[in-house]
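To start, the structure itself, in structure tokens.
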Amino acid sequence: MESANFPLFTIILMTLNIQKIRADFPILNREVKPGVQLVYLDSTATSQKPLAVIDAMDSYYRNSNANIHRGVHTLAEEATKLYEDAREKIAKFINAPSARQIIYTRNTTESINLIAYTWARANLKAGDLVILTEMEHHSNLVPWHILQAERGIELEFIPVTDNGLLDLDVYKTLLSRSPRLVSFTHMSNVLGTINPAREMIVMAHAVGAITILDAAQSIPHLKVDVQNLGADFVAFSAHKMCGPTGIGALYGRLELLEAMPPFLGGGDMIKEVKLRSFRTNSLPYKFEAGTPAIAEAIGFGAAVDYLNSIGMDNIAEHEHEITEYALERLEEIPGLKLFGPSADKKGGVAAFTLEGIHPHDVAQILDKDGIAVRAGHHCAQPLHEKFGIPATSRASFYLYSTKNEVDMLIQGIYKVKELFA
Amino acid sequence: MDDLYREVIIEHYKNPAYRGKLDPHDITFADNNPLCGDHIQIDLRVGDNNIVTDARFDGHGCAISQASADLLIESIIGKPLDEVKKLNKQDVLDLLGIDLGPVRLKCALLSLKVLKAGVYGLGEASDDLVE
Ligand SMILES: Cc1ncc(COP(=O)(O)O)c(C=O)c1O
């Protein structure tokens, strides 16, 4: 009896929570124009921020603002503690063995570039093979294009199948060519595909390759345990997980981070400087030159606290429910084509095209009703080329998204079709 | 429902009068909008006294970019090249009869950029051409 009642109970609990969750995000209350409520379906580009994050940053500037490290006065100590506490929170959040393995960067893009400029330049030479995938964001393509031009490394790509999955058979074949590095996205920002990261990393390690996981879209939405995944490097951005812009992180395995040359040179990353030489600081400071984004790091920590307070499993479950519903409703619309796998293999992203109507026009007309979706190639131009389209419209969901918002999206799309009929 | 999608824009998008290519032509130029992949090619025939005797556009993109191309081509046929060179942002907005934010402005001005790069014989279409 009890177990039969349990699911119903959780559903009620969850719907109650969503209203409470929405109240945590002040922006969700705003009207885009008089009488038109915001329907924010663009969290894949950047998430909205809960009051807890805004307040943490505000409080830092009001009460504790000082430069970190070295200072001995009260404010400097407070600021340093807040900054380092946030690092501890982030480390725990992804189950990193220690906070020393969390390098603050500006975002996922900088995290990947950091590896390309340090580890890769120290370890890769002409002819070395790097495996990427066809579903990568430009931030996991262009750094390797640059290195290819500079070093003559070779690039190969795991193809994307018609239903939006990575072709692991081809991956196996590519691995037989002894790649030095495999770098891929955990979750596609267009197709929503959640790639089998653990399996892919195990396969890469079996041939001695180093792995980079672009977790920009996974860490905000799923429980990610870097030790369980076994990844060598993991890159992510605060702004996609309820945190501020201007801060992200790179997780790395200790031996790798210790052996890597520094990235940018300057203050904070040194132990000692002479006129003609320097010694690098210990981890994580070795990779953090100059005054960092202190308020943003503190906001990042507050975002992690916030996500923990809701529970990543609850968030994933809620998003799954919304996504399943959204895909079902979108599929009913004549002339609408969805990209990516079925709901059980993807996160909260729905990219689509409407026959005869350009995605820009779709997004612009939806905006009239306050519905925010993104249109374009979403920084994944090669993926769009693969599917033979210049652009898609993309609706994406997060912990604060509701079925009612999905319904408004569907209504909006019918309006678009009418206008162009 | 909204000014941006006035009937005339939808009409020019769905049934453009000047879509196509001219072979032979005296001037041709093409460019993309890197933000959204919109693509426009413009072919011109120029007669005596440097008058545009015929013109066509081809490409793909949103309603704003394609409708503005059609309206622009319509407006330049029969005009001297010197006048075409002087066209600016406001002229295109007047043709469309709408106001646009910064993102969609790029869509609307792509055809003018391509046209001016072509008539000036430039290697590359720059944003300065449509200020
Ligand atoms: C999968 C993926 N990788 C990388 C990025 C880049 O993130 P950022 O712009 O924060 O560096 C994004 C952001 O859109 C993304 O979705």
Side-chain angles (χ1 to χ4, degrees), chain A residues 32-36 42 45 137-138 141-142 190 335 339 351-394 408 411-421, chain B residues 1-17 19 30-41 57-72 92-93 95-114 125 130:
Chain A
V32 173
K33 54 180 118 7
V36 180
D42 195 20
H137 188 276
H138 296 167
L141 291 171
V142 182
V190 179
F339 294 85
F352 60 90
T353 53
L354 266 184
E355 204 182 329
I357 311 176
H358 193 278
H360 257 181
D361 296 319
V362 175
Q364 185 97 52
I365 296 164
L366 288 175
D367 180 62
K368 298 279 161 195
D369 289 330
I371 304 168
V373 302
R374 192 150 285 256
H377 52 56
H378 318 296
C379 293
Q381 230 172 337
L383 179 66
H384 282 78
E385 235 156 69
K386 164 100 185 181
F387 285 103
I389 44 171
T392 50
S393 307
R394 180 185 73 187
M408 295 188 56
Q411 266 175 30
I413 293 173
Y414 276 110
K415 268 199 203 170
V416 175
K417 284 173 61 91
E418 230 166 78
L419 198 64
F420 275 84
Chain B
M1 112 190 199
D2 42 64
D3 305 339
L4 218 64
Y5 291 91
R6 295 166 60 226
E7 230 161 86
V8 32
I9 290 175
I10 302 277
E11 192 46 42
H12 278 274
Y13 171 65
K14 292 202 323 197
N15 301 305
R19 181 181 284 283
D31 200 13
N32 296 319
N33 176 346
L35 286 179
C36 49
D38 288 3
H39 178 81
I40 299 267
Q41 174 178 334
F57 82 97
D58 207 1
H60 56 81
C62 62
I64 306 285
S65 78
Q66 304 298 300
S68 75
D70 201 45
L71 286 159
L72 181 67
V92 174
L93 291 179
L95 286 172
L96 288 167
I98 53 177
D99 253 343
L100 290 169
V103 176
R104 300 312 298 274
L105 201 55
K106 287 211 187 309
C107 305
L109 296 180
L110 177 61
S111 50
L112 180 62
K113 211 163 87 169
V114 167
V130 295

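Just so we're on the same page: letters track the sequence lines, and every chain starts at 1.
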A/H358 side chain to B/D38 side chain, donor-acceptor N/O pair below 3.5 angstrom = yes

query = CZ/A/F420 to NZ/A/K417 distance, rounded to the nearest 0.5 angstrom?
reply = 12.0 Å

key: Contact residues of residues 59-68 of chain B (partner chain A; heavy-atom separation under 4.5 angstrom)   = B/H60, B/G61, B/C62, B/A63, B/I64

request  = Evaluate whether atom CG of B/D99 has more than 12 neighbouring non-hydrogen atoms of other residues, nucleotides or ligands under 6.0 angstrom away.
outcome  = no

remark   = So, the part of A/A363 with a heavy atom under 4.5 Å from chain B: the answer is neither

ask   = Any sub-3.5 Å donor-acceptor pair from A/K33's side-chain atoms to A/G370's backbone N or O?
value = no

inquiry  = Check this for me: B/K113, atom NZ, are more than 12 non-hydrogen atoms of other residues, nucleotides or ligands nearer than 6.0 Å?
reply    = yes

request  = Taking only Lys NZ, Arg NE, NH1 and NH2, and the carboxylate oxygens of Asp or Glu, determine whether A/D361 and B/R104 approach each other closer than 4.0 Å.
outcome  = yes

